[in-house]
2 protein chains.
Amino acid sequence: MVVLQVVHYKTMIRDLNMELYGGIIGLLFLVFGIWLGTSSFRKRESVKYDAGKLGLSKREVEVLQLLSEGFSNQEVADRLFVSLNTAKTHISNIYSKLNVKRRTQAIQKARDLALITPSKE
Amino acid sequence: MVVLQVVHYKTMIRDLNMELYGGIIGLLFLVFGIWLGTSSFRKRESVKYDAGKLGLSKREVEVLQLLSEGFSNQEVADRLFVSLNTAKTHISNIYSKLNVKRRTQAIQKARDLALITPSKE
DNA sequence: TGCTAAATCACCCGAAAGAATGATCTAAAA
DNA sequence: TTTTAGATCATTCTTTCGGGTGATTTAGCA
C-alpha cells in the first residue's frame, strides 16, 4: 500500500505539472494563433522605399497625400504655402513619374503602392 | 511488482490520453487565437444598404464604381453606352447626394462608406 | 567650385470637369 | 389613370485640370 501511495503521489505531482504545462502550451498556441491571424491581415508599410524607387521627392509625396484627400490644386497650394503654379508643377511631375494621366489614377496608384497614409479603412 | 506494473500501465494510458487532449486543446487554442486575430481585422461590408440610405440609384452606384476606377467622364459614358451629357448628369447628381464638390471627394466618400468594390487592398 | 537635383513661380493654351437649367421617355406606384 | 422617380440627352457657361515651356534660387554632391 505504501508503494501504491508513493506511485499515486508521483502521478499527482505529474498531474500538477501537466496542468501547468497544458496551460502554458495552450497560451503559446493562443499567442501563435493570434500572431497567425493578425499577420495575414497586416499590410506592409514601406513609404519612403517605394517613393524613392519611383523617384518621387518628399515634396511630391506630400502633394500626393493631399491629392488623395480630395483637395483641389488651389487647396493643395494653400496648404503647402506655395503658389497654384507650383502645386501644378508638382502634380504634373507626379503624373509623369507615376506614369498616369489623371489625378484619380495617381491616387489609385498611390494607394496600391502604399505611397500614402490612408485616412480610414 | 505486478501492482507496480499495472499502475505504470495505467499512467501510460493516461499519458497517451493526455497527449491527445493536449493536442486537441492546443488546436482549439490555435483556432481560437486565429479567430481572435482575424476577427479584429475584418471589415464590415454593406453595399446596397448605405447606397439606398443616401438615395443613390443603382445607375448612380454603377457610375460611382467607374469613377473610383479612375475613368474620365467620356470613358464612363462609353462604358455605360450613354452620352457624355448623361454621364455628367449622373455624376452631378452623385455629388449632390454625397454632398461633395469634386470627384476625388466622391471617391473618398464612396470608399469610406463601402459603396463601391475596391479593386485591390 | 562648378554641377545637379529639387523647389519655386510664371505664362499660355486646350481639354476636361462641373453648375444650372430644361426637356423627353418609361416604368412603377398610388 | 395620374403621379412620380429614374434615366436619358441637350445647351450654355464657368472653373479646374493638365501639358508644355522656361526661368530662378538654393542646397548638396563630386
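So you know, we letter chains A, B, ... as the sequences are listed, proteins then strands, and number each from 1.
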Under 4.5 Å between side-chain heavy atoms, hopping through other hydrophobics if needed: is there a path connecting A/Leu113 to A/Leu66?
yes
State which of D/dT8, C/dC9, D/dA7 makes the closest approach to the side chain of A/Ser83.
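The listed nucleotide nearest to A/Ser83's side chain is C/dC9.
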Go through D/dG18, C/dT8, C/dG18 for me and flag the one nearest to the A/Val82 side chain.
C/dT8
Which residue pairs pass the salt bridge (charged side-chain N to carboxylate O under 4.0 Å, His left out) test with at least one member in residues 71-91 of chain B, sequence neighbours excluded?
A/Arg102-B/Glu75
Checking all strands, does [X] fall into the base, sugar-phosphate, or nothing category for heavy-atom contacts under 4.0 angstrom?
| X | answer |
| --- | --- |
| A/Thr86 | base |
| B/Ser72 | sugar-phosphate |
| B/Asn85 | base |

[N] [atom2] sits how many Å from [X] [atom1], rounded?
| X | N | atom1 | atom2 | value |
| --- | --- | --- | --- | --- |
| B/Leu84 | D/dT11 | CG | P | 12 Å |
| B/Leu56 | D/dA7 | CG | C1' | 15 Å |
| B/Lys58 | C/dA27 | NZ | P | 13 Å |
| B/Lys88 | D/dT12 | NZ | P | 13 Å |
| B/Ile91 | D/dC9 | CD1 | P | 14 Å |
| A/Leu64 | C/dA7 | CG | P | 13 Å |
| B/Glu75 | C/dA17 | CD | P | 8 Å |
| B/His90 | D/dC9 | NE2 | C1' | 10 Å |

Considering non-hydrogen atoms only, spot the tightest contact between A/Lys101 and A/Gln105 and give its length.
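Scanning both residues completely, I find the closest heavy atoms to be N-OE1, 3.1 Å.
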Tightest non-hydrogen contact, residues B/Ala77 and B/Ser83, listed as CB-O, 3.6 Å
Tell me which residues in residues 94-106 of chain B put a heavy atom below 4.0 Å from DNA chain C, sorted by number, or none.
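Within residues 94-106 of chain B, the residues near DNA chain C are B/Tyr95, B/Lys101, B/Arg102, B/Arg103.
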Under 4.0 Å: is that the gap between some side-chain N or O of [X] and OP1 or OP2 of [N]?
| X | N | value |
| --- | --- | --- |
| B/Asn73 | C/dA16 | no |
| B/Thr89 | D/dC9 | no |
| A/Ser92 | D/dG20 | no |

Inter-residue atom distance A/Lys97.NZ - A/Leu64.CG, 0.5 Å rounding
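These two atoms lie 11.5 Å from each other.
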Within this structure, what is the CD1-CG distance for the pair B/Ile94 and B/Asn99, rounded to the nearest 0.5 Å?
14.0 Å
Do the side chain of B/Thr86 and the main chain of B/Val82 share a donor and acceptor less than 3.5 angstrom apart?
no
